[in-house]
Novice: 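Submitted below is the structure of interest, expressed as structure tokens.
Just so you know, these numbers come straight off a predicted model, no measurement behind them.
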Amino acid sequence: MNGPPPSAFPTFGAAKGDQADALTVVGLTVAYWSRGREREVLQDVTLRVKRGETYGLVGESGCGKSTAALAVLRYLPRNGRVKAGRISIAGRDVATLDADALRGMRANAVSMVYQDPGRALNPSLTIARQVSEAFEVTGASADEALARTAEMLRRVRIASPERVMESYPHQLSGGMQQRVVIAMALACNPELLILDEPTTGLDATVEAEVLDLIAQLRDEIGTAVLFISHNLAVIGRMCDRVGVLYAGKLVEEGAAADVFAKPRHPYTVGLLRCLPREGRSKETGRLDTIPGSLPLPGSITQGCIFAPRCKLADERCLKDAPPPYRVASAHGDQMARCHYHERAETLPRSADEAPVPIAGGEGQPLALSARNLSKTFRVGDEDVRAVHDVSLDLAQGETLGLVGESGSGKTTLAKLLLGLVSPDKGASLELDGTALPERVTQRSGEQVKSLQIVFQNPDSALNRAHSVRQLIARSLSKLGALRGEAKEARLHTLTQAVRLPERYLSARTRQLSGGLKQRVAIARAFAGDPRVVVCDEPTSALDVSVQAAILNLLADLQRERRVSYVFISHDLHVVRYLSDRIAVLYLGRIMEIGRAAAVFDGPQHPYTEALLSSVPSIDSIDGTLAKRIRLSGELPSAANPPSGCVFHTRCPRKIGAVCETEAPPCRNAGDGHVIHCHIPVDELRALQRQES
């Protein structure tokens with residue numbers, strides 16, 4: 001290692017009593033050199049984060065959120081540079097720091113938590129080695145660093161730090177990995193903590209625990225937080241103030257409560273309308289979307305950058321760039337770069353409120369039926385039962401939502417239905433009333449094309465070496481057995497159905513946005529006119545505007561083709577919007593199943609109740625969660641599940657020894673709503689109404 005040892009790094013930052021802001025960004029302009037020219041991805045951005053404050057930064061992918069974070073840390077890639085502006089952390093100008101001072105800043109003053117903890121952790125090193133390194137960088141000895149590692153892991157609510165310290169990253173759950181990364185980030189008690197999508201991909205309970213942890217540690221240490229996320233409900237819950245980025249410009253800023261209650265920029269209005277709100281479903285109306293797409297960096301040089309997508313825009317907007325208008329709101333000043341900020345909420349909607357009902361679900365023939373599905377894996381010396389005796393039916397044109405924490409068996413159940421793994425003996429599957437072989441290799445061509453899947457990450461599912469045309473055409477050849485003109489005609493019909501513009505057919509997937517990639521993946525899944533499509537977290541990594549478009553697309557395709565969906569997601573608002581029925585899984589078992597409205601409105605299994613209480617909602621303007629139910633402990637191992645009711649070790653409504661010794665009965669809550677619990681349905685309903 002070149003340079004002085006960590007202990008020789010200069011101290012960084014102002015004293016805790018200093019009044020300097022934790023972060024000050026003034027007139028920041030950042031450009032990347034791309035395709036033979038310099039393109040500005042941030043333009044004249046000014047923001048301040050006070051000590052102990054949480055500032056949220058939101059906007060679609062490509063708006064410049066992560067670039068802003070990298071610029072603060074001076075981590076811009078080689079083709080990026082700060083063209084103008086000033087960045088100060090705790091009163092010190094970042095641009096003036098030499099190499100030693102810059103390392104000192106990163107070691108002692110500012111930390112960053114990235115979206116994917118799996119990539120942030122070294123798979124070849126134990127957790128103890130990685131976390132202790134964070135303390136050693138601040139000058140601690142090896143022994144002291146190990147002692148402080150155990151203490152810090154306890155601080156981030158890891159119950160058995162000694163066991164975790166001996167583990168490698170792949171042996172931990174996603175939520176546990178994220179807590180380890182947060183522990184590393186907090187090792188230096190930073191002046192500023194930057195969180196870049198820290199909860200994307202986490203289930204509802206783990207997300208809530210991570211957010212609670214961040215809020216608690218912020219209060220204890222007084223750390224300022226720059227929170228980057230496309231989850232507006234999380235931003236509303238966590239942040240004091242929020243800034244909205246669009247195409248590299250800060251178009252709105254103010255107290256989170258003010259911005260979400262009365263947005264003053266049409267872009268913010270559009271983002272909020274894209275969200276599937278409480279009580280909304282595909283039957284009550286299509287989700288609103290923001291028309292068009294982000295402009296290429298530097299492509300708009302005159303007028304308002306949002307004008308090409310704004311239904312309020314007129315000649316003035318196209319000609320004159322709006323200045324930052326400031327108005328007094330309930331919780332302080334609110335800024336918006338819009339000539340018509342006073343009537344931003346009158347923005348016309350882009351979606352129809354009353355779609356044609358989907359002809360599916362109740363009363364329709366069954367598309368897929370599964371009985372007594374179980375799956376046991378041999379892991380080392382242990383038998384791990386990932387799915388335990390699951391039976392379910394899926395009607396034509398129906399969507400069945402699967403929810404539950406990571407490790408509850410949702411993806412394994414999906415793989416059993418698709419024939420990607422074989423179930424244990426005694427299981428049976430039927431497609432359209434005909435026996436369906438367990439393995440996909442034993443299924444006929446017609447059966448294979450009848451069951452398809454859309455994965456969470458289209459980057460991993462699509463071959464980067466092929467064009468969009470080749471990807472879809474190959475599926476048409478293999479699944480549809482089409483050739484020549486018939487294949488070409490079908491290809492164009494399919495791309496029109498998924499709203500994929502023809503100009504993208506020659507593009508490689510690396511040239512597409514996340515939403516366009518997911519449209520390609522959906523087109524490929526529909527190439528053989530499937531009867532059932534498994535959607536495994538298809539929108540979790542997408543912006544709210546793209547998510548709304550994809551959800552509308554899935555609902556439209558279901559209306560047109562009467563296809564059935566098995567929809568897996570951690571976002572319970574998304575599940576409620578698209579699903580007709582919902583099944584709640586825990587340790588591979590169905591704890592509750594019923595119509596979506598019945599499951600969400602109650603009565604509910606105590607596990608479902610805890611899941612729903614963990615979900616932040618944008619409809620709560622102050623961002624708070626009413627009566628949050630905290631589950632104690634970690635998800636038990638499927639290799640050694642608890643006796644009796646498998647949920648009893650974490651259940652907040654446990655009634656006694658019967659929960660520990662006897663499997664819960666199947667209780668009928670009416671209209672096909674079933675709850676597996678020792679507590680009678682009427683008592684559950686009374687308890688939950690009493691505490692709501």
Novice: Backbone N or O of I221 within a donor-acceptor pair of the R218 side chain at under 3.5 Å?
Specialist: no
Novice: Give the minimum heavy-atom separation between A610 and L631, together with the two atoms involved.
Specialist: CB-CD2, 3.6 Å
Novice: Taking only residues two or more places apart in sequence or in another chain, which ones pass side-chain hydrogen bond (donor to acceptor under 3.5 Å, both in side chains) with S374?
Specialist: none
Novice: Between H570 (side chain only) and S406 (backbone N and O only), is there a donor and an acceptor less than 3.5 Å apart?
Specialist: no
Novice: Test your reading of the model: is there a side-chain donor-acceptor pair from S88 to the backbone of G91, 3.5 Å cut-off?
Specialist: no
Novice: Kindly say whether G644 contributes a backbone atom to a donor-acceptor pair with the side chain of T661 at under 3.5 angstrom?
Specialist: no
Novice: Keeping Q518 on the side-chain end and F455 on the backbone end, is there a donor-acceptor pair under 3.5 Å?
Specialist: yes
Novice: Under a 4.5 Å cut-off applied to non-hydrogen side-chain atoms, are I593 and I582 in contact?
Specialist: no
Novice: When you compare the side chains of D543 and S61, does any donor N or O come within less than 3.5 Å of an acceptor on the partner?
Specialist: yes
Novice: Taking the side chain as C-beta and beyond, is there a heavy-atom pair between I127 and Y168 under 4.5 Å?
Specialist: no
Novice: Taking side chain as C-beta onward, heavy atoms only, is F567 less than 4.5 Å from L402?
Specialist: no
Novice: Going by heavy atoms in the side chains, are P665 and H676 under 4.5 Å from each other?
Specialist: no
Novice: Run the side-chain contact (heavy atoms from CB on, under 4.5 Å) test against H573 and tell me which residues pass, sequence neighbours left out.
Specialist: P276, E278, D571, V615, S617
Novice: Using a 3.5 Å distance criterion without hydrogens, assess whether the side chain of K65 forms a donor-acceptor pair with backbone atoms of G59.
Specialist: yes
Novice: Can you find a heavy atom in the side chain of Y55 that is under 4.5 Å from one in the side chain of L23?
Specialist: no
Novice: Taking I629's backbone N and O only, do any of them form a donor-acceptor pair with S613's side chain (distance below 3.5 Å, no angle check)?
Specialist: yes
Novice: Got R650 and Y586 here, is their nearest side-chain heavy-atom distance under 4.5 Å?
Specialist: yes
Novice: Using only atom types and a distance under 3.5 Å, with no angle test, would you say the side chain of S408 pairs donor to acceptor with the backbone of E405?
Specialist: yes
Novice: Do the side chains of R630 and E209 get close enough for a salt bridge, i.e. N-O under 4.0 angstrom?
Specialist: no
Novice: Using atom types as modelled and distance alone, determine if a side-chain donor or acceptor of Q130 lies under 3.5 Å from a backbone N or O of N122.
Specialist: yes
Novice: Is there a donor-acceptor contact under 3.5 Å linking the side chains of H678 and E662?
Specialist: no
Novice: With the side chain counted from C-beta on, respond yes when T411 and K415 share a heavy-atom pair under 4.5 Å apart, and no when they do not.
Specialist: yes
Novice: Would you say the side-chain atoms of S579 pair up with the backbone N or O of R576, donor to acceptor, closer than 3.5 Å?
Specialist: no
Novice: Evaluate the side-chain proximity of N640 to P636: yes if any heavy-atom separation is below 4.5 Å, no if none is.
Specialist: no
Novice: Specify the closest pair of heavy atoms between V131 and M184, including all atoms of both residues, with the distance to one decimal.
Specialist: CG2-CG, 3.7 Å
